[in-house]
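Values reported hereafter were calculated over all heavy atoms of this structure, with side chains retained and with hydrogens, waters and symmetry mates removed. Each chain gets a letter, A, B and so on, in the order the sequences are listed, and its residues count up from 1.
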Amino acid sequence: MPELPEVETVRTGLSPYMVGQRLMRVEVRRADLRFPFPDNFAQRLSQRTIMNLGRRAKYLLAELDNDDILVMHLGMSGSFRIGGKIAGQFHHDRSRLPAHDHVVFHLENEAIITYNDPRRFGFMQLISRQELPDHKLFRGLGLEPLGNELDGQALARLFEGKAAPLKAALLDQSLIAGLGNIYVCESLHRAGLSPRRSAGTLVRANGAPKDRAGLLAEVIRQVLQEAVKAGGSSLRDHRQADGELGYFQHSFKVYDREGEPCSKRSCDGVIQRIVQSGRSTFFCSKCQR
DNA sequence: AGTTGCACCTGGCTGC
DNA sequence: TGCAGCCAGGTGCAAC
């Protein structure tokens, strides 16, 4: 499910059940997901208390009481479910695909948190707090789009001289970290910018250079904030950790809307689907320039 | 150095 | 109803 808003929604959904709780037992039901689990993974987690559940880009970071950080990435199809005894009540696990339940966390409060991932593009790692910033997973990550750094100037600097299409530049996690296919398409539509325009042209100083970059930075933040507020997007019936469906998918203006009329007032264009670096791009060629 | 294309997986949907 | 083909929210790596 996961771009930044979905991961953030998972974080807030899991936090009340995990933070401050000790891991009594961890079941790991296969040797690997996308990558092998670390050696002695379950043992190293057992009896640790989760001090905080954070997020960087699309990574969930469970900070443990021994200075290790459990790093979790959901890939394309990873999700968490909450079950077990919660607030004195036993909750039945209505899992649809128990075959793909790969990791089960048993917490001191009797909550049972299950990680399910049919495609297994997700992964988990244990990294010490000290080595995390320089770890290969993190050292190359770009700006956190909901942090304080992303504004027109920063974006202009990042994209200056880049020949790559805007679409590709926005998906590049080493520039901005956390956007994926959906929110890039939606942001570009909202900003009225073509996904095919080369990233460098945002900056070229003919007329109002600052404005394009500034506008794009602003709409990215808007779109992400709105999506977080909506609990993310639920595609293919993907659920949030607490079983609720996010509803930002109802706000999509272009994603998966090929052939539909452009929703912008004063635009009579039609949403098109093209393929850029192997992935679908949805946009309106009339109002996105 | 910057891009592109493929690979990693499973499942759901479309169309014959 | 069956089955082939295509598509999917991500990313790392080999190859141009």
Side-chain angles (χ1 to χ4, degrees), chain A residues 1-11 29-36 55-60 71-80 95-102 115-125 135-142 145 158-188 195-196 198-200 220 223-224 227-228 230-241 245-252 254-259 273-282:
Chain A
M1 47 189 307
E3 297 181 41
L4 185 154
E6 289 71 38
V7 177
E8 181 60 20
T9 300
V10 169
R11 190 187 71 75
R29 297 183 173 169
R30 50 177 300 126
D32 57 67
L33 294 172
R34 176 165 192 185
F35 306 119
R55 179 188 61 73
R56 168 74 170 110
K58 303 175 192 173
Y59 292 91
L60 274 176
V71 173
M72 297 174 279
H73 194 290
L74 305 181
M76 290 280 267
S77 61
S79 65
F80 287 95
S95 94
R96 302 180 307 285
L97 295 166
H100 301 298
D101 288 351
H102 305 307
Y115 178 71
N116 181 283
D117 189 353
R119 293 176 74 181
R120 304 201 303 273
F121 289 165
F123 57 92
M124 297 189 187
Q125 286 290 306
H135 191 277
K136 67 174 175 190
L137 291 175
F138 293 91
R139 67 175 169 235
L141 285 180
L158 286 172
F159 287 0
E160 190 171 6
K162 288 233 178 301
L166 211 37
K167 168 82 185 301
L170 289 170
L171 281 176
D172 185 340
Q173 303 296 298
S174 72
L175 301 176
I176 302 174
L179 297 177
N181 207 27
I182 291 178
Y183 297 107
V184 166
C185 291
E186 293 298 320
S187 298
L188 286 172
R196 295 190 278 213
S198 78
I220 288 168
V223 166
L224 293 178
V228 167
S233 302
S234 299
L235 268 49
R236 289 167 272 285
D237 202 32
H238 239 299
R239 278 161 196 281
Q240 309 306 336
L245 291 168
Y247 53 87
F248 192 76
Q249 67 277 12
H250 303 300
S251 302
F252 293 169
V254 289
Y255 185 82
D256 206 19
R257 292 192 178 278
E258 182 181 19
R273 174 184 177 274
I274 60 172
V275 175
Q276 291 180 288
S277 42
R279 314 194 59 194
S280 290
T281 297
F282 298 91

Notebook entry, point to check: Between A:Leu158, A:Leu179, A:Leu175, which is the residue that forms a side chain to side chain contact (heavy atoms under 4.5 Å, CB included) with A:Leu170?
Noted result: A:Leu179

Nearest listed nucleotide, side chain of [X], among [options]:
X: A:Ala163; options: B:dT3, C:dT11, B:dC9; answer: B:dT3
X: A:Arg279; options: B:dG11, C:dG12, C:dG9; answer: C:dG9
X: A:Phe35; options: C:dG10, C:dG12, C:dC7; answer: C:dG12
X: A:His100; options: B:dT10, C:dT11, C:dA8; answer: B:dT10
X: A:Glu6; options: B:dC9, C:dG9, C:dG10; answer: C:dG9
X: A:Ser233; options: C:dA8, C:dG10, C:dG9; answer: C:dG9

Atom-to-atom span, [atom1] of [X] to [atom2] of [N] - whole angstrom:
X: A:Leu175; N: B:dG2; atom1: CG; atom2: P; answer: 10 Å
X: A:His73; N: B:dC9; atom1: NE2; atom2: C1'; answer: 16 Å
X: A:Gln276; N: B:dT4; atom1: CD; atom2: P; answer: 9 Å
X: A:Leu60; N: C:dG10; atom1: CG; atom2: C1'; answer: 15 Å
X: A:Leu141; N: C:dG10; atom1: CG; atom2: P; answer: 14 Å
X: A:Lys136; N: C:dT11; atom1: NZ; atom2: P; answer: 15 Å
X: A:Asp256; N: B:dT14; atom1: CG; atom2: P; answer: 11 Å
X: A:Leu235; N: C:dG10; atom1: CG; atom2: P; answer: 11 Å

[X] side-chain N/O to [N] phosphate OP1/OP2 under 4.0 Å:
X: A:Lys58; N: C:dG9; value: no
X: A:Tyr255; N: C:dG9; value: yes
X: A:Ser277; N: B:dT3; value: no

Checklist line | C:dC13 - base-pair partner by Watson-Crick or wobble geometry, distances under 3.5 Å | finding: B:dG5

Check: Counting distance only, does the side-chain N/O of A:Arg257 pair as donor-acceptor with the main-chain N or O of A:Phe252 below 3.5 Å?
Finding: yes

Notebook entry, point to check: So, the side chain of A:Ser234 versus the backbone of A:Gly246: is there a donor-acceptor pair under 3.5 Å, distance only?
Noted result: yes

Margin query: For a quick check, tell me whether the side chain of A:Arg120 and the base of B:dC9 share a donor-acceptor pair closer than 3.5 Å.
Written below: no

Item checked: Plane angle bin for A:Tyr183 and A:Phe248 - parallel if under 30°, tilted between 30 and 60°, otherwise perpendicular -> tilted

Check: Taking NZ, NE, NH1 and NH2 as the nitrogens, is one of them in A:Arg30 or A:Asp32 under 4.0 Å from a carboxylate oxygen of the other?
Finding: yes

Note to self: Applying a 4.0 Å non-hydrogen cut-off, can you work out what A:Gly180 is touching in the nucleic acid: base, sugar-phosphate, or nothing?
What the structure shows: sugar-phosphate

Check: Is the aromatic ring of A:Phe121 within stacking range of C:dT11, meaning centres under 5.5 angstrom and planes under 30 degrees?
Finding: no

Notebook entry, point to check: Can the ring centroids of A:Tyr59 and A:Phe138 be said to lie less than 6.0 angstrom from one another?
Noted result: yes

